[in-house]
Amino acid sequence: MQVTVDAAKFRQLQESEQLFLVRLGQVRNDIRHIRQMVVTAHNGVKAYKGIEHEIALHSLILAVRLWCAALNEAETVIRTAWHSQPIIREDARQTQCRCDKRA
């Protein structure tokens, strides 16, 4: 999925919102590239025997570890932006209040 943002509208956003979108886009790009590494390594694990299989398995393990790190970074980007945006904080408080009333 690709999201296109008009440059003029992007410049109208607050700096924190611009930074969030840039960081989120970077993480998304990293995850996309690492996913391709995982798929390629996984195909190699299935296709090869012997030393080639071991090399492909090592590549797969490395790619999965990178994938986990990128997902962790994505979670950090979202979490830090979530807590820094006043509107989002207010929405979270309202959601928490609604959840408390149901319990």
Side-chain angles (χ1 to χ4, degrees):
M1 180 176 88
Q2 183 175 347
V3 177
T4 304
V5 179
D6 183 47
K9 290 180 181 178
F10 182 77
R11 281 189 222 102
Q12 291 175 352
L13 296 173
Q14 294 178 4
E15 184 178 349
S16 61
E17 292 171 334
Q18 291 178 4
L19 182 60
F20 170 71
L21 290 176
V22 169
R23 289 177 67 200
L24 192 63
Q26 182 63 45
V27 168
R28 188 252 181 228
N29 194 45
D30 289 348
I31 290 171
R32 183 177 59 88
H33 282 287
I34 295 168
R35 180 190 172 278
Q36 186 59 41
M37 289 172 56
V38 169
V39 169
T40 302
H42 182 259
N43 291 341
V45 168
K46 293 189 303 184
Y48 298 118
K49 301 284 186 230
I51 191 71
E52 289 88 2
H53 174 80
E54 291 178 28
I55 292 170
L57 184 60
H58 177 74
S59 296
L60 178 62
I61 292 169
L62 176 64
V64 168
R65 290 179 71 190
L66 287 171
W67 205 357
C68 291
L71 290 171
N72 188 43
E73 179 64 21
E75 188 268 337
T76 301
V77 167
I78 292 168
R79 184 175 29 82
T80 56
W82 180 271
H83 293 295
S84 69
Q85 300 295 326
I87 294 173
I88 294 174
R89 281 198 310 255
E90 183 62 31
D91 289 345
R93 277 191 226 116
Q94 290 174 1
T95 302
Q96 181 64 35
C97 291
R98 280 187 242 129
C99 292
D100 292 341
K101 290 176 185 177
R102 290 182 190 156

With E75 via salt bridge (Lys or Arg N to Asp or Glu O under 4.0 Å) - residues at least two apart: R79
Neighbour count above 12 (heavy atom, 6.0 Å) for R32 CZ: yes
Side chain to side chain contact (heavy atoms under 4.5 Å, CB included) between V22 and Q26, intermediate numbers included: CA-CA 6 Å; V22 169; Q26 182 63 45; 5.6 Å; no
Co-membership, hydrophobic cluster, residues Y48 and L57, 4.5 Å side-chain: no
Gap between atom CG of L24 and atom CG of L19 - 0.5 Å precision: 11.0 Å
Closest approach of Q18 to Q12 (non-hydrogen atoms, all atoms of both residues): NE2-N, 4.5 Å
Same cluster (ILVMFWY, side-chain, under 4.5 Å), L66 and V39: no
Distance, nearest 0.5 Å, that separates NE2 of H33 from CZ of R28: 9.0 Å
Contact summary for I31 and A70, nearest pair of heavy atoms: CG1-CB, 3.7 Å
L13: which of E17, K9, R11 passes side-chain contact (heavy atoms from CB on, under 4.5 Å): E17
Non-hydrogen atoms of I78 and F20 that approach each other most closely: CA-CE1, 4.2 Å
L62 with I55, same ILVMFWY side-chain cluster at under 4.5 Å: no
Shortest non-hydrogen contact between A56 and G44, atoms and distance: CB-C, 3.6 Å
Reported NE2-to-CG distance for the pair H53 and L60, which is rounded to 0.5 angstrom: 9.5 Å
